[in-house]
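Some notes on the structure that comes next.
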Amino acid sequence: MPDEIMTLSEVADYLKVAEKTVQRMIGRAEIPCAKVGGQWRFMRRVIDQWLIGRMGAGTESATAAPASRNASPPLSELTRRAWILPELEPGEPRELLDALIAPWCAEGIIQNRAAYLNGLLARESMTTTVIGEGIAVPHLRQPDENPAAGPLLAIGRCPAGTTFGTSDDSIVHLFFLPMTRSEVVHVRLLAQLARLARQESFRHGCLTATSAADLLEHLILHERQQTNPTPG
């Protein structure tokens, strides 16, 4: 379930760290949790969002070192206008995800549409991929299950906003669906998208773009500005 409650030992196993490490993080108020009946409890969905946020902030992790040595590819180079859907209609997760992968299916990148769609829905049933600020990053649980090495990126925009199977009825406007068989590249892409989600100028540009071409151009310009910021 997306809101599965975990114990201290379960969250330590989930994060692949020692229980003492989690206890130290609790003492420093570094990890979201609550005390229930004298015992610490953690919500899986919140932990997932917190972890993606830490990756996006560049905190130390097992993949932080290699990621710093090799810059991730610009997101604008991973997508095409045909893979950007700026007029998604509100709907159920299955309908939205099916629309997102339709261009890849049409091009033969995805051979088994039903299997891929079910894989995305299975990941969503474990815990929502909504990362906040109206953005969702749906993806397969295991990158090596992807049909193409990639990395590739499909982008969808729902101007009216839609719930995306979230328990708190958060409204999602932007969808970014990465595809890669590499675990390292997968984590880097999630980190990039988490950073972008926190930037109001990026979100605003995506929401006000007038077409798929305009949205892609906004992504390119935003990346250039991040690489070569205007002197203050």
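This structure is a prediction, so every number in the text was calculated from the model and none was measured.
Contact check for Thr180 versus Leu152: no side-chain heavy atoms found under the 4.5 Å cut-off. With contacts defined as side-chain heavy-atom distances shorter than 4.5 Å, the pair Met179/Tyr116 qualifies. By the 4.5 Å heavy-atom criterion applied to side chains, Ile131 and Phe176 are not counted as neighbours. A heavy-atom distance below 4.5 Å is found between the side chains of Val11 and Ile47. For the pair Leu140/Leu120, a side-chain contact is recorded, criterion being any heavy-atom separation below 4.5 Å from C-beta on. In this structure the side chain of Ser182 never reaches within 4.5 angstrom of the side chain of Asp144, judged on heavy atoms.
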The test is side-chain contact (heavy atoms from CB on, under 4.5 Å); show your working for Glu145 and Arg181 and say whether it passes. CA-CA 7 Å; Glu145 295 176 354; Arg181 290 188 187 137; over 6 Å; no
side-chain contact (heavy atoms from CB on, under 4.5 Å) for Val172 and Thr163? Distances and angles first, verdict last. CA-CA 6 Å; Val172 174; Thr163 56; over 6 Å; no
Ile101/Leu177 under side-chain contact (heavy atoms from CB on, under 4.5 Å): CA gap, chis, key distance, verdict: CA-CA 9 Å; Ile101 67 174; Leu177 197 165; 3.9 Å; yes
Test side-chain contact (heavy atoms from CB on, under 4.5 Å) applied to Leu196 and His222, step by step: CA-CA 10 Å; Leu196 288 174; His222 186 84; 3.6 Å; yes
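The shortest heavy-atom contact between Cys33 and Ile26 is SG-CG1, 4.0 Å. Here the shortest heavy-atom pairing between Ala209 and Asp214 reads CA-OD2, 3.2 Å. Contact record, Gly132 with Ala197: O-CB, 4.5 Å, taken as the closest heavy-atom pair. Across every non-hydrogen atom of Leu189 and Pro178, the tightest pair is CD1-CB, 3.8 Å. Closest heavy-atom contact between Phe42 and Val22: CZ-CG1, 4.0 Å. Residue Pro90 comes nearest to Cys158 through the heavy atom pair N-SG, 3.7 Å, listed as atom of the first residue, atom of the second, then distance.
Transitive grouping of hydrophobic side chains (ILVMFWY, heavy atoms separated by less than 4.5 Å) keeps Leu153 and Leu221 in distinct clusters. Hydrophobic clustering (side-chain heavy atoms under 4.5 Å, transitive across Ile, Leu, Val, Met, Phe, Trp, Tyr) groups Trp40 together with Val17.
Under the salt bridge (Lys or Arg N to Asp or Glu O under 4.0 Å) criterion, Arg80 pairs with Glu107, not counting sequence neighbours.
Remark: Arg44 qualifies as a cation-pi partner of Tyr14 under the 6.0 Å distance and 45° angle criteria applied to the six-membered ring.
Going from atom OG1 of Thr210 over to atom CD of Glu217 covers 11.0 Å, rounded to the nearest 0.5 Å. For the atom pair CD1 (Ile135) and OG1 (Thr129), the distance works out to 11.5 Å, reported to the nearest 0.5 Å. Annotation: the span from Leu78 atom CG to Ile155 atom CD1 amounts to 9.0 Å, rounded to 0.5 Å. In this structure, Leu75 CG and Leu193 CG are separated by 5.5 Å, a value rounded to the nearest 0.5 Å. A distance of 8.0 Å separates CZ in Phe202 from CD in Glu223, rounded to the nearest 0.5 Å. Atoms CD1 and CG, from Ile31 and Leu15 in turn, are 5.5 Å apart once rounded to the nearest 0.5 Å.
The environment of CD in Glu92 is sparse: at most 12 heavy-atom neighbours from other residues, nucleotides or ligands sit within 6.0 Å. Heavy-atom neighbours of Gln142 CD from other residues, nucleotides or ligands within 6.0 Å: above the threshold of 12. The environment of Arg157 atom CZ is dense: over 12 non-hydrogen atoms of other residues, nucleotides or ligands sit within 6.0 angstrom. Crowding of Arg113 atom CZ: a count of heavy atoms from other residues, nucleotides or ligands under 6.0 Å exceeding 12.
Gln39 and Thr7 are not linked by any side-chain donor-acceptor pair at a separation below 3.5 angstrom, with hydrogens and angles left out of the test. No side-chain donor-acceptor contact under 3.5 Å links Glu19 and Ser9. Between the side chains of Arg94 and Asn118, at least one donor N or O sits under 3.5 Å from an acceptor N or O.
A side-chain contact (heavy atoms from CB on, under 4.5 Å) with Trp83 is found for exactly one of Leu216, Leu100, Ile109, namely Ile109.
Here the side chain of Ser76 pairs no donor or acceptor atom with the backbone of Leu219 at under 3.5 angstrom. For the pair His173 (side chain) and Ala160 (backbone), a donor-acceptor distance under 3.5 Å is absent. Remark: the backbone N or O of Thr127 is paired with a side-chain donor or acceptor of Arg123 at under 3.5 angstrom. For His139 (side chain) and Val137 (main-chain N/O), a donor-acceptor pair under 3.5 Å exists by modelled atom type. Asn146 places a side-chain N or O within 3.5 Å of a backbone atom of Pro143 that can act as its donor or acceptor partner.
Using a 4.0 Å cut-off between charged nitrogen and carboxylate oxygen, Glu133 and Arg203 count as a salt-bridge pair.
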